[in-house]
K.L.:
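Have a look at this one before I ask anything.
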Amino acid sequence: MTPINWLRIMKRLRKKFYERNTIKVARDLLGKFLIRIIARPHRQAKLGGQSKKKIIALITETEAYHGPKDLASHASRGRTKRTEVMFGLAGRAYVYLIYGMYYCFNIVTGKENFPAAVLIRGVEIINNLKPKTYNQLISGPGKVCRELKIDRSLNKENLLKSKKLFVVEDKKLLKKYYPQGFKIKIGKRVGVDYAGEYRNKPWRFILSCRGG
DNA sequence: AGATTGATCCAT
DNA sequence: TGGATCAATCTG
């Protein structure tokens with residue numbers, strides 16, 4: 001089998017994409033591909049394997065956290081050491097530890113000084129280029145990070161430049177898995193019952209098969 | 001339904 | 001400085 005350099009074909013999402021309204025970005029991230037490149041230990045690479053492992057993950061579930069008034073958002077408490085990244089430039093990673101055990105991965109969106117980000121809640125890991133059934137469905141933000149080996153070392157990573165973590169669009173590859181396109185389910189965000197009127201905002205987006 | 005686990009944030 | 005809280009997950 002001829003190896004294919006998928007990364008050459010894929011188009012990395014640029015600043016313009018992330019800079020838009022958080023809710024639109026959250027919706028539009030569905031069907032894009034999250035790319036995670038992990039350096040293997042030198043010794044392992046020397047034994048004949050590739051020096052880097054590439055994980056390609058179709059984004060299937062997102063949530064928007066939008067602005068200083070969104071009580072579900074960490075940034076609603078204002079600018080702190082932790083949340084300052086959410087106030088910064090779009091296209092950065094915001095990774096934080098939750099419940100002392102799990103990481104959550106967000107992508108900063110919107111204009112500078114407007115705190116906003118999209119939480120990646122679910123992906124479909126593309127293990128190979130064979131039928132869909134070979135792929136691995138990951139549901140839950142903690143599991144996404146575990147599977148893609150995302151931890152706080154990637155906090156503030158610039159997805160516009162990074163060689164470790166970024167998002168691409170590839171319509172051909174998407175069509176392979178969703179030949180008839182897909183629908184988007186919209187719902188309330190998970191685990192934000194404390195957020196007053198913001199708890200009911202329909203800012204959760206789930207990719208689903210047509211008719212499914 | 002309960003346990004887990006530690007960074008974060010705000011009130012002492 | 002203390003302690004309540006938490007954008008979650010697993011087990012039973």
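Chain naming here is simple, since letters A, B, ... match the order of the sequence lines and numbering starts at 1 in each.
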K.L.:
When we call it a touch if two heavy atoms are under 4.0 Å apart, what does Arg152(A) touch: a base, just sugar-phosphate, or nothing?
P.N.:
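Here Arg152(A) touches the backbone only, sparing every base.
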K.L.:
In whole angstrom, what separates Lys143(A)'s NZ from dA8(C)'s P?
P.N.:
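So the two atoms are 12 Å apart, to the nearest Å.
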K.L.:
Which nucleotide sits closest to the side chain of Thr83(A): dA7(C), dC9(B), dT4(B)?
P.N.:
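Closest of the options to the side chain of Thr83(A): dC9(B).
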K.L.:
Rounded off to whole Å, could you give me the CZ-to-P distance for the Arg79(A) and dC9(B) pair?
P.N.:
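Going from Arg79(A) (CZ) to dC9(B) (P), I get 13 Å.
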K.L.:
Honestly, is Arg92(A) close enough over Tyr94(A), meaning NZ or CZ under 6.0 Å from the six-membered ring centre and within 45° of the axis?
P.N.:
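No - Arg92(A) does not lie over the ring of Tyr94(A) by the 6.0 Å and 45° rule.
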K.L.:
Give the rounded distance in Å between these two atoms: CG of Asp151(A) and P of dA7(B).
P.N.:
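My rounded result for the distance is 13 Å.
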K.L.:
Roughly how many Å is it from CZ in Arg77(A) to C1' in dA7(B), rounded to a whole number?
P.N.:
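Distance, rounded to whole Å: 14 Å.
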K.L.:
Applying the side-chain contact (heavy atoms from CB on, under 4.5 Å) criterion to Trp203(A), which one of His66(A), Arg27(A), Glu63(A) satisfies it?
P.N.:
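Among His66(A), Arg27(A), Glu63(A), the one meeting side-chain contact (heavy atoms from CB on, under 4.5 Å) with Trp203(A) is His66(A).
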K.L.:
Is Arg189(A) touching bases, backbone alone, or none of the nucleic acid, heavy atoms closer than 4.0 Å?
P.N.:
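Answer is nothing: Arg189(A) stays at 4.0 Å or more from every strand.
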K.L.:
Figure out the CD/C1' separation between Glu63(A) and dA8(C), and round it to whole Å.
P.N.:
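To the nearest whole Å, that distance equals 12 Å.
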K.L.:
Could you check how far CD of Glu84(A) sits from C1' of dC9(B), rounded to whole Å?
P.N.:
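Glu84(A) atom CD is separated from dC9(B) atom C1' by 15 Å.
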K.L.:
Is the backbone of Met86(A) close enough, under 3.5 Å, to the side chain of Thr83(A) for a donor and an acceptor to pair up by distance?
P.N.:
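Side chain of Thr83(A) to backbone of Met86(A), a donor-acceptor pair under 3.5 Å: no, none is there.
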K.L.:
Check the phosphate of dT8(B) against His74(A), side-chain N and O only, distance under 4.0 Å to OP1 or OP2. Yes or no?
P.N.:
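No, outside the criterion.
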K.L.:
Using a cut-off of 4.0 Å on non-hydrogen atoms, how would the nucleic acid contact of Arg146(A) be classed: base, sugar-phosphate, or nothing?
P.N.:
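If one applies the 4.0 Å heavy-atom cut-off, Arg146(A) turns out to touch the sugar-phosphate alone, with no base involved.
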K.L.:
Looking at the side chain of Leu97(A), which of dA7(C), dA7(B), dA8(C) is the nearest nucleotide?
P.N.:
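Of the options given, the side chain of Leu97(A) lies nearest dA7(B).
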K.L.:
Can you get from Ile56(A) to Leu30(A) by hopping between Ile, Leu, Val, Met, Phe, Trp and Tyr side chains that sit under 4.5 Å apart?
P.N.:
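Same cluster.
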K.L.:
Does any N or O donor sit under 3.5 Å from an N or O acceptor when you compare the side chain of Tyr96(A) with the base of dA7(C)?
P.N.:
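Side chain to base: pair found, below 3.5 Å.
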K.L.:
Partner of dT5(B) by Watson-Crick or G-U wobble geometry, both contacts under 3.5 Å, or none?
P.N.:
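dT5(B) is unpaired by these criteria.
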K.L.:
Can you tell me the base-pairing partner of dA7(C)? Count Watson-Crick or G-U wobble geometry only, both distances below 3.5 Å, and say none if there is no partner.
P.N.:
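The answer is none; no pair meets the criterion.
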K.L.:
Whole-Å distance between dT8(B) P and Tyr102(A) OH?
P.N.:
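So the OH-P distance, Tyr102(A) to dT8(B), works out to 19 Å.
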K.L.:
Whole Å only: how far is the CZ atom of Arg82(A) from the C1' atom of dG6(B)?
P.N.:
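After rounding, the reported distance stands at 12 Å.
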K.L.:
Is Ile55(A) reachable from Tyr103(A) through a run of I, L, V, M, F, W or Y residues, each pair having side-chain heavy atoms under 4.5 Å apart?
P.N.:
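Yes, one cluster joins them.
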K.L.:
Among the candidates dT5(B), dT8(B), dA7(C), find the nucleotide nearest to the side-chain atoms of Met101(A).
P.N.:
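Closest of the options to the side chain of Met101(A): dT5(B).
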